[in-house]
Structures are given as structure tokens and as C-alpha cells.
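Side-chain atoms are counted along with the backbone in the values below, which use heavy atoms only and exclude waters and symmetry mates. Per chain, numbering begins at 1; letters A, B, ... match sequence-line order.
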2 protein chains.
Amino acid sequence: MTTTARKSPGSTRERILDSALRLFNAQGERNVTTNHIAEDLGISPGNLYYHFRNKADIVSELFNHYEALVSGFLQVPEDRVLTWQDKMGYLESILDSMWGARFFHRDLSHLLNQDEDLRLRYNAFVQRTLEQGLRVYEGLRSAGLLEATDEELRALMVNTWVITASWTGFVHGLVPPEKQQESLDHTLLRQGIYQLVCLEAPYLRGDAASHLAEIKQRYSAGDTLSVLFSAATPKSA
Amino acid sequence: MTTTARKSPGSTRERILDSALRLFNAQGERNVTTNHIAEDLGISPGNLYYHFRNKADIVSELFNHYEALVSGFLQVPEDRVLTWQDKMGYLESILDSMWGARFFHRDLSHLLNQDEDLRLRYNAFVQRTLEQGLRVYEGLRSAGLLEATDEELRALMVNTWVITASWTGFVHGLVPPEKQQESLDHTLLRQGIYQLVCLEAPYLRGDAASHLAEIKQRYSAGDTLSVLFSAATPKSA
DNA sequence: ATTATCTATAGATCTATAGATAATGC
DNA sequence: ATTATCTATAGATCTATAGATAATGC
């Protein structure tokens with residue numbers, strides 16, 4: 001039974017989840033079978049099935065972790081006004097969470113097709129995230145850090161979400177798995193933040209606007225993506 | 001023997017590709033086996049393997065179609081200046097192509113991991129598309145329809161690409177497969193164009209800017225996505 | 001007594017090939 | 001002769017369970 005009651009942190013159930021997450025992220029959910037997970041942990045397949053009904057059950061539980069993480073970050077503080085540092089914190093935290101569960105968005109469509117209940121929870125999650133994100137943007141607007149109509153804000157929020165959720169997949173499409181070392185990954189993750197900052201840039205005002213150049217600079221450090229544009233665009237004329 | 005030489009249009013080889021594309025898009029590549037394709041066509045599995053080495057070979061050939069389609073659209077006319085209608089034409093054509101091969105981006109990471117050669121061709125494709133897209137944006141800038149620095153243009157181009165390539169996946173995550181009728185699909189595809197227009201909006205000038213409201217109106221007709229924001233955001237105060 | 005684990009395996013697929021047969025083009 | 005197709009199947013997995021055994025908590 002997939003109760004939410006957790007045993008001691010090093011319990012077999014927890015270890016299965018840890019191992020599954022690691023293998024899923026590294027090799028893709030599709031390429032990791034229940035046998036692989038059991039073998040990775042040095043337990044029997046039977047034991048794994050004692051703790052989880054099936055693979056979808058493991059995925060479902062991993063989604064719960066990820067969902068709680070993201071929802072937890074996207075809170076607007078009630079006791080003070082938002083700053084542009086807050087805004088950067090949101091971007092970093094969420095992209096980090098995405099990266100930690102990148103297997104999920106990579107195989108999203110199959111995972112949702114396979115488990116109707118997960119699809120419902122995922123839809124609710126997207127809706128909630130978009131709403132919480134919109135609150136954040138509205139908070140930034142109230143703080144004078146952003147200027148946009150309600151309509152513009154909603155479109156911006158959807159675009160922010162789509163890019164955030166797709167960024168790890170985009171990176172995986174470009175970098176072959178054997179080259180996905182931790183360092184490179186981190187650089188590309190920062191490029192994702194750069195892209196999100198550029199997305200917001202036209203609407204930024206006040207402090208957020210005056211720090212724009214500095215922030216862009218900070219997150220484009222690696223300049224890894226510029227490879228994509230080959231030699232066509234001279235850096236400075 | 002994956003030669004590019006094609007037999008008569010209704011040849012078995014072509015029929016296999018058609019059937020595979022249709023089934024892949026409808027059910028996901030992962031859920032469609034070579035046996036399913038053969039059965040769908042009423043031919044034997046053996047026959048299918050006579051025409052294609054394996055499933056990856058079929059996918060590879062489908063990618064060729066898709067790639068040629070997209071690359072063909074993204075040409076800047078040399079004999080005249082770009083108009084904002086051209087720009088909308090690009091968006092429509094490319095999202096249409098994406099939709100036609102939506103299975104591809106849905107299972108992208110697995111397909112690329114499975115076929116090293118496909119990964120290389122895909123990377124070249126992305127690079128070429130970003131460059132051609134950049135040419136288009138530069139053309140719009142020369143025509144006075146868009147104002148942005150080179151740096152802004154490159155970031156815009158990457159964001160445009162990520163959203164374009166991810167949009168169908170985003171839609172699939174929200175709409176359960178049994179509800180994905182042709183009509184709904186088309187509405188959501190138009191919402192994708194709306195999102196792309198909003199992405200470009202801050203940089204538009206001249207005719208492109210003055211037609212902005214009209215264009216937004218045209219593509220948000222269904223207002224399907226607004227469901228995501230529940231009742232939180234009043235349409236007009 | 002209950003919880004955790006293992007061994008062994010049935011059943012379900014899927015892939016891809018070998019070998020036979022039919023259809024077609026000279 | 002060559003091209004296209006079919007039948008039948010070996011081999012490779014993977015899932016998920018049954019049934020036995022070990023460990024643990026009272």
C-alpha cells in the first residue's frame with residue numbers, strides 16, 4: 001500500500017526511491033526496469049515488489065517529492081515586498097528541482113498516459129504552479145520591479161513555465177549522455193536561467209532593470225549555448 | 001538499405017512510413033511496436049523487416065521528412081523585404097510541421113539515445129534551424145518590424161525554438177489522449193502561436209506592432225488555456 | 001505474529017531472422 | 001533472376017506473483 005507514512009530514512013523503501021530516481025535521471029525511465037533498480041540496490045526483484053506495486057507506483061511517489069518541492073518554493077512572503085533577489089531565487093530553486101527530477105519531464109507524456117491518476121495530479125500541479133507563479137509576478141509588479149498588463153503577465157507566465165519545464169529536455173537533446181558530466185550540466189542549467197531572464201527582461205523596471213546587465217553576465221558565463229550559433233554572429237563588432 | 005530512392009507513392013515502404021507516423025503520433029512511439037504497424041497495414045512483420053532494418057530505421061526516415069519540411073519553410077526571400085505576414089507564416093508553418101511529427105519531440109531523448117547517428121543529425125538540425133531563424137529575425141529587423149540587439153535576438157531565438165519544440169508536449173501533458181480530437185488539437189496549436197507572438201511582442205515595431213492586438217485576438221480565440229488560471233484573473237475589471 | 005526478504009518461474013511481449021513461396025521484370 | 005511477401009520461431013526481456021524462509025517485535 002502506498003501510504004505516505006515513511007520509515008526511517010535508510011529504509012528499503014526510501015533506498016528504492018533514491019536508486020530509481022538516480023537511474024531514471026541518468027538513463028531515462030524507459031531504460032530502467034524494476035530488475036535494474038533491484039540489482040542496483042543488491043536486493044531481489046521480489047523484495048522491490050513487496051514495497052511497490054509496480055514501476056508506475058515508484059514514479060508516482062517520486063512525483064510527490066518533486067511536486068512538494070516546487071510548490072514549497074513558489075510562495076510569496078506576506079510580511080515584506082518582493083525584491084529582484086527573490087526573483088532570482090525562484091528561478092534557481094525551480095530549475096534545480098526540475099533538474100533533480102529531469103526524468104519526469106523527459107518521459108512525461110508516456111508516464112501520464114500510463115497512470116490516469118498521475119495525469120490528474122500533474123494537471124492540478126501545473127495549474128497551481130501557474131497560479132502561484134502569477135502571484136509572484138504580480139508581487140513583483142506591486143513592488144515596481146515589473147510592468148505589464150494582466151494579459152501580458154499571463155502569457156509571460158505560460159512561456160516561463162514551458163521553458164522551465166522543457167529546458168532539461170532541450171539540454172539532453174543536445175548533449176550526448178556520456179558527456180553529461182555534472183559540471184557541464186550545471187553550466188547548461190545556468191544558461192536556462194539566462195534564457196528565463198531574457199524572457200522577462202522587456203518587462204523589468206527599477207532595481208530589476210538596473211541589475212539586468214549584471215545578472216545576464218552572471219548566468220551566461222559559460223557561453224555554452226553560443227556554440228549553437230556557430231561563427232555566424234560576431235560577439236562584438 | 002535506407003536509400004533515399006522512393007518507389008511509387010503507394011508502395012509498401014511509403015505505407016509503412018505513413019502508418020508508423022500516424023500510430024506514433026496517436027499513441028506514442030513507445031507504445032507502437034513493429035507488429036502493430038504491420039498489423040495496421042495488414043502485412044506480415046517479416047515484410048516490414050524486409051523494408052526497414054528496425055524501428056529506429058523507420059523513425060530515422062520520418063525525421064528526414066520532418067527536417068526537410070522545417071528547413072524548407074525557414075527561408076528568407078532574397079528579392080524582397082520581409083513583412084509581418086511573412087512572420088506569421090513562419091510561425092504557422094513550423095508549428096504545423098511540429099504537430100505533424102509530434103511523436104518525435106515527445107520521445108526525443110530516448111530516440112536520440114537509441115541512435116547516435118540520429119542525434120548528430122538532430123543537433124545539426126537544431127543548429128541550422130536556430131541560424132535560419134536568426135536570419136529571419138534579422139530580416140525583420142532590417143525591415144523595421146523589430147528592434148533588438150544581437151544579444152537579445154539570439155536569446156529570443158532560443159526561447160522561440162524551445163517553446164516551439166515543446167508546445168505539443170505541453171499540450172499532450174494537459175489533455176488526456178481520448179480527448180485529443182482534431183478540433184481541440186487545432187485550437188491548442190493556435191494558442192501556441194499566441195504564446196510565440198507574446199514572446200516577440202516587446203520587440204515588435206512598425207506594422208508588426210500596430211497589428212499586434214489584432215493578431216493576439218485572432219490566435220487566442222478559443223481561450224482554452226485560460227482554464228489553467230481558473231477564476232483567479234478577472235478578464236477585464 | 002508480523003514484517004521483510006529471497007528463489008523460482010509463468011506468462012506476456014517484442015525483435016529480428018531463416019527459410020519457403022509468390023509475384024514481377026526481362 | 002530479382003523483388004516482395006509470408007509463416008514460424010528462437011531468443012531476449014520484463015513484469016509480477018506464489019511460496020518459502022528469515023528477521024523482528026511483542
I need a per-nucleotide contact map over nucleotides 13-21 of chain C, read 5' to 3'. Cutoff is protein heavy atoms under 4.0 Å; write B for the base, S for backbone only, - otherwise. -SBBB----

With sequence neighbours excluded, residues passing ring pair (Phe, Tyr, Trp, His ring centres under 6.0 Å) with [X]:
X        : value
A:Phe63  : A:Phe104, A:Phe125
A:His110 : none
A:Phe24  : A:Phe103
B:Phe73  : none

Rounding to an integer number of Å, can you tell me how far A:Ile16 CD1 sits from C:dA4 P?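 Those two atoms, CD1 and P, are 11 Å apart.
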
Quick one: B:Arg13 CZ to D:dT5 P, roughly how many Å, whole number?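 One finds 12 Å between P of D:dT5 and CZ of B:Arg13, rounded.
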
Run the side-chain hydrogen bond (donor to acceptor under 3.5 Å, both in side chains) test against [X] and tell me which residues pass, sequence neighbours left out.
X        : result
B:Asn159 : A:Gln195
A:Glu200 : A:Lys87, A:Tyr137
A:Tyr49  : A:Thr34

Residues that A:Ser109 engages under side chain to side chain contact (heavy atoms under 4.5 Å, CB included), provided they are two or more places apart: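 Expected list: B:Arg106.
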
Between B:Arg121 and B:Asp117, is the closest basic N to carboxylate O distance under 4.0 Å?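 Here B:Asp117 pairs with B:Arg121 in a salt bridge, since their nearest N and O are under 4.0 Å apart.
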
Contacts under 3.5 Å, N or O only, protein and nucleotides 22-26 of chain D:
none

Any side-chain N or O of B:Thr12 less than 4.0 Å from the OP1 or OP2 oxygen of D:dT5?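 Checking D:dT5 against B:Thr12, a side-chain N or O does come within under 4.0 Å of OP1 or OP2.
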
For B:His51 and D:dT5, is the shortest distance between a side-chain N/O and OP1 or OP2 below 4.0 Å?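 So the side-chain polar atoms of B:His51 do come within 4.0 Å of the phosphate oxygens OP1 or OP2 of D:dT5, strictly under.
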
Dot-bracket for DNA chain C, 5' to 3', Watson-Crick and G-U pairs with both distances under 3.5 Å, [ ] for crossing pairs, | for partner on another strand, reads ||||||||||||||||||||||||..

Enumerate the ring-ring contact (aromatic ring centres under 6.0 Å, His included) contacts for residues 25-44 of chain A, please, sequence neighbours excluded, ordered by first and then second residue.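 The answer is none; no pair qualifies.
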
